[in-house]
Amino acid sequence: MAEDKHTWCQLTPVVKVKIAGLPKKLVFISRMTTSNTVRGITLSVSASILFATMSAYTQWLSPLSGLDLLAWRVLWTLPALLVLLWWKGLGQALIDAIGSMLRRPLLGLFFLALAAMLGVQVWLFLWGSVNGRALEVSLGYFMLPLTMVLVGRFYYREQLDIWQQLAVFCACVGVLHELWLTRAFAWPSLVVALGYPPYLVMRRQVSLNSLVTFALEMLLLAPAAIWVLAHSPNLAIVTARPPLLWLLLPVLGLLSTMALACYLRASGMLPMALFGILGYVEPVLLVIVATALLHESLTLAKLGTYVPIWLAVGFTAIHSVKLMQKR
């Protein structure tokens with residue numbers, strides 16, 4: 001068979017397997033296994049819980065701004081991430097990836113674009129938590145699974161079962177209600193919903209371990225983080241409060257490492273549609289945090305947006321349980 005009829009699918013860092021007759025967009029589906037599906041669901045739900053915890057945690061980091069928190073999060077994420085990489089035996093893989101990036105400028109630009117896209121999302125998540133806009137950000141996370149399901153359906157050609165279709169329908173009802181209610185979406189909601197899918201699609205083109213890729217992104221964001229802190233008016237406040245500098249901010253970095261590592265690992269293990277629908281767990285938790293702990297108000301009119309989306313979460317849970325039973 002001619003070589004151009006085969007698609008190369010990298011299964012490990014050193015082994016490549018030739019799969020005949022599969023379009024490139026279906027290669028990812030061919031890699032799905034029972035254990036990967038169960039682990040991916042577990043990692044996705046764990047990431048949602050950790051992200052919600054981090055949103056509540058920001059109330060102890062006053063008076064830092066969203067940009068301050070982004071910079072500190074990057075700098076305190078790096079040590080925990082590097083320790084995790086070396087513990088898992090991936091230190092050499094990171095060094096090799098840095099070398100490849102330095103030798104190939106286009107590859108470096110590709111990773112720089114990934115880092116910038118991730119940086120915007122991380123900043124927005126923290127900014128919303130400390131500026132009373134957590135509900136607007138959470139609405140973006142409600143919309144995000146819908147956009148990711150659409151990417152999975154039309155770009156990766158993934159099929160939706162009845163429970164996923166019901167979840168998508170309910171999500172559409174909630175999103176359309178919000179559009180009718182406000183005549184527009186707040187810009188934080190749109191940045192989340194439209195910014196994450198291109199990032200995740202680009203990230204799937206990278207054959208590196210997800211932790212190694214995450215480390216590269218954090219390393220590329222580190223110079224900008226240092227510059228932000230050097231010009232921040234709140235730097236003196238942080239240095240004058242040792243518990244904030246040496247306890248609260250490092251814990252933020254640890255939570256960030258665990259949450260993003262789980263999220264990004266799950267994104268590479270699950271079909272895009274399933275991964276997208278599982279994303280409804282996080283915004284539900286974020287709404288609970290915003291209303292119960294951050295004292296934001298959820299009006300009666302807003303229930304027309306959130307109740308259908310909460311139903312989508314329920315249908316997603318049913319789908320996940322049935323999928324695991326079937327596997």
query: Do Leu84 and Leu264 belong to the same hydrophobic cluster, where Ile, Leu, Val, Met, Phe, Trp and Tyr are linked whenever their side-chain heavy atoms lie under 4.5 Å apart, directly or via other members?
result: yes
For a side chain to side chain contact (heavy atoms under 4.5 Å, CB included) check, start with the C-alpha distance between Ser44 and Tyr263, then their side-chain angles and the critical distance, and finish with the verdict.
CA-CA 5 Å; Ser44 178; Tyr263 182 79; 5.6 Å; no
Query raised in the report: What's the verdict on side-chain hydrogen bond (donor to acceptor under 3.5 Å, both in side chains) for Gln92 and Asp96, showing C-alpha distance, side-chain angles and the deciding distance?
Result: CA-CA 6 Å; Gln92 188 59 48; Asp96 293 342; 2.9 Å; yes
| Is Leu67 close to Leu70 at the side-chain level, that is, under 4.5 Å between some pair of heavy atoms? | yes
Side-chain heavy atoms under 4.5 angstrom apart, residues restricted to Ile, Leu, Val, Met, Phe, Trp, Tyr: same cluster for Ile237 and Trp72?
no
Rounded to the nearest 0.5 angstrom, the CG-CG distance for Asn209 and Leu94 is 10.5 Å
Hits for side chain to side chain contact (heavy atoms under 4.5 Å, CB included) against Trp246, two or more places apart or cross-chain, chain-then-number order -> Trp76, Pro242
Expected list for residues 218-228: side-chain donor-acceptor pairs under 3.5 angstrom, two or more places apart:
none

Just so I know, are the side chains of Trp187 and Leu124 near enough to count as touching, which here means a heavy-atom distance under 4.5 Å?
yes
Only one of Leu126, Leu64, Leu248, Val289 passes side-chain contact (heavy atoms from CB on, under 4.5 Å) with Thr58, and that residue is Leu126
d(Ile162 CD1, Gln165 CD) to nearest 0.5 Å is 5.0 Å
On a heavy-atom basis, the closest approach of Thr239 and Leu245 is CA-CD2, 4.5 Å
Here the gap from Leu85 atom CG to Leu211 atom CG, rounded to the nearest 0.5 Å, amounts to 5.5 Å
For Thr213, the side-chain hydrogen bond (donor to acceptor under 3.5 Å, both in side chains) test, sequence neighbours excluded, returns none
To the nearest 0.5 Å, atom OH of Tyr196 lies from atom CE of Met148 at 9.5 Å
Between Arg265 and the options Leu270, Leu43, Leu260, the side-chain contact (heavy atoms from CB on, under 4.5 Å) test singles out Leu43
| query | Does the pair Leu114 and Val206 meet the rule for a side chain to side chain contact (heavy atoms under 4.5 Å, CB included), with working shown? | reply | CA-CA 11 Å; Leu114 283 179; Val206 180; 4.3 Å; yes
Rounding to 0.5 Å, atoms CG (Leu285) and CG (Leu50) come to a distance of 10.5 Å
Closest heavy-atom pair, Arg241 versus Ser62, reported as atoms and distance to 0.1 Å, is NH1-O, 3.2 Å
Is there a side-chain contact between Leu166 and Leu311 (heavy atoms, below 4.5 Å)?
no
Here the pair of heavy atoms bringing Ser65 nearest to Asn234 is N-ND2, 4.0 Å
Would you kindly confirm whether Leu78 and Met101 end up in one hydrophobic cluster when ILVMFWY residues are joined by side chain heavy atoms under 4.5 Å apart?
yes
ring-ring contact (aromatic ring centres under 6.0 Å, His included) pairs touching residues 106-126, sequence neighbours excluded, are Phe51-Phe125, Trp123-Trp127
Check your understanding: Can you tell if the side chain of Leu118 reaches within under 4.5 Å of the side chain of Phe214, non-hydrogen atoms only?
Key -> yes
Scanning both residues in full, the closest heavy-atom pair of Leu160 with Gln164 reads CA-OE1, 3.4 Å
Practice problem: Find out if a path of hydrophobic residues (ILVMFWY) with successive side-chain heavy-atom gaps under 4.5 Å connects Leu144 to Val173. | Solution: no
For the pair Gln59 (side chain) and Ser129 (backbone), establish whether a donor and an acceptor sit closer than 3.5 Å, ignoring hydrogens and angles. no
Across all chains, not counting sequence neighbours, the side chain to side chain contact (heavy atoms under 4.5 Å, CB included) partners of Arg104 are Leu107
Taken in chain and number order and not counting sequence neighbours, the residues that satisfy ring pair (Phe, Tyr, Trp, His ring centres under 6.0 Å) with Trp60 are Tyr57
Closest non-hydrogen atoms of Leu229 and Asp68, given as atom of the first, atom of the second and distance, are CD2-O, 4.2 Å
Heavy-atom closest pair (Ser46 atom, Cys262 atom, distance to 0.1 Å) is CB-SG, 4.5 Å
query: Where do Arg73 and Ser256 land on the side-chain hydrogen bond (donor to acceptor under 3.5 Å, both in side chains) test, with the steps shown first?
result: CA-CA 7 Å; Arg73 180 174 168 178; Ser256 172; 2.6 Å; yes
*asked:* So does Trp163 get a backbone contact from the side chain of Asp161, meaning a donor-acceptor N/O pair under 3.5 Å?
replied: yes
Report task. Report yes or no: do Leu81 and Val83 belong to one cluster of Ile/Leu/Val/Met/Phe/Trp/Tyr joined by side chain heavy-atom distances under 4.5 Å? Result -> no
Query - Test item: Glu217 and Met117 side chains (from C-beta on) under 4.5 Å apart, heavy atoms - result: no
One should read off an interatomic distance between Met54 CE and Leu61 CG, to the nearest 0.5 angstrom, of 11.0 Å
Is the terminal nitrogen or CZ of Arg204 (NZ for Lys, CZ for Arg) located under 6.0 angstrom from the six-membered ring centre of Tyr156 and within 45° of that ring's axis?
yes
Taking Thr53 for the side chain and Ile49 for the main chain, is one N or O donor matched with an acceptor at less than 3.5 Å? yes
